[in-house]
Peer 1: 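After the structure tokens below, expect a handful of questions from me.
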Amino acid sequence: KLGIPAKEQLSYALHVPMIMNRERRQLLCGIAHLLDPTDKNIQMRTLYGNFFRLGGAEMSDVKISRPEVVPNANETFLSTLDASFKNGKVGVYIRNTFAEKCRYEV
């Protein structure tokens with residue numbers, strides 16, 4: 001829809017941080033509304049990345065949703081579902097790794 005060939009489009013829908021410029025992001029909010037005013041589920045990360053041709057490195061998603069999964073200690077980022085954090089091995093891993101509460105948890 002934006003003149004970007006489908007074969008060149010990338011997905012930025014990962015559970016990792018993504019830095020966005022505020023003015024660029026606001027511009028895209030208006031563009032997204034023009035593309036489809038009824039669509040409330042536009043993937044803004046993917047729209048932003050493709051519109052501004054950010055590129056990047058391909059990586060696997062780090063979201064852990066199954067309770068039996070233990071995270072890879074070499075991963076830079078980690079994302080969980082509430083249930084997998086509360087009842088799963090990933091929650092045990094995080095609570096053990098960061099046993100001391102930070103100032104926001106005290």
Peer 1: If a pair satisfies side-chain hydrogen bond (donor to acceptor under 3.5 Å, both in side chains) and one of its residues is in residues 88-98, list it, with sequence neighbours excluded.
Peer 2: none

Peer 1: Would you please name every residue forming a side chain to side chain contact (heavy atoms under 4.5 Å, CB included) with D61, sequence neighbours left out?
Peer 2: L14, H15, K63

Peer 1: Please answer: with hydrophobic residues joined when any side-chain heavy atoms are less than 4.5 Å apart, are M59 and Y12 in the same cluster?
Peer 2: no

Peer 1: Go through the structure and list residues passing salt bridge (Lys or Arg N to Asp or Glu O under 4.0 Å) with R103, not counting sequence neighbours.
Peer 2: none

Peer 1: Would you please name every residue forming a side chain to side chain contact (heavy atoms under 4.5 Å, CB included) with Q26, sequence neighbours left out?
Peer 2: R22

Peer 1: Starting at CZ of R45, measure out to CG of L28 and round the result to the nearest 0.5 Å.
Peer 2: 13.5 Å

Peer 1: Among residues at least two apart in sequence or on other chains, which ones pass side chain to side chain contact (heavy atoms under 4.5 Å, CB included) with E105?
Peer 2: K101, C102

Peer 1: List the atom pairs, with distances to 0.1 Å, where a side-chain N or O of residues 65-77 and a protein N or O form a donor-acceptor pair under 3.5 Å, not counting sequence neighbours.
Peer 2:
unit_1, atom_1, unit_2, atom_2, d
R66, NE, E68, OE2, 2.9
N72, OD1, N74, N, 2.8

Peer 1: Would V92 end up clustered with V62 when hydrophobic side chains under 4.5 Å apart are linked, directly or stepwise?
Peer 2: no

Peer 1: Does any pair with a residue in residues 47-58 pass side-chain hydrogen bond (donor to acceptor under 3.5 Å, both in side chains), and if so which ones, sequence neighbours excluded?
Peer 2: E8-R53

Peer 1: Hey, can you pull the donor-acceptor pairs under 3.5 Å for the side chains in residues 78-86, sequence neighbours left out?
Peer 2:
unit_1, atom_1, unit_2, atom_2, d
S84, OG, I64, O, 2.8
S84, OG, L81, N, 3.1
S84, OG, L81, O, 3.1

Peer 1: For the atom pair OG1 (T46) and CZ (F51), what is the distance rounded to the nearest 0.5 Å?
Peer 2: 14.5 Å

Peer 1: Any chance you could pull the hydrophobic cluster mates of V106, using side-chain heavy atoms under 4.5 angstrom and chaining through other members?
Peer 2: none

Peer 1: Do you know the tightest heavy-atom contact between A13 and Q43?
Peer 2: CB-OE1, 4.0 Å

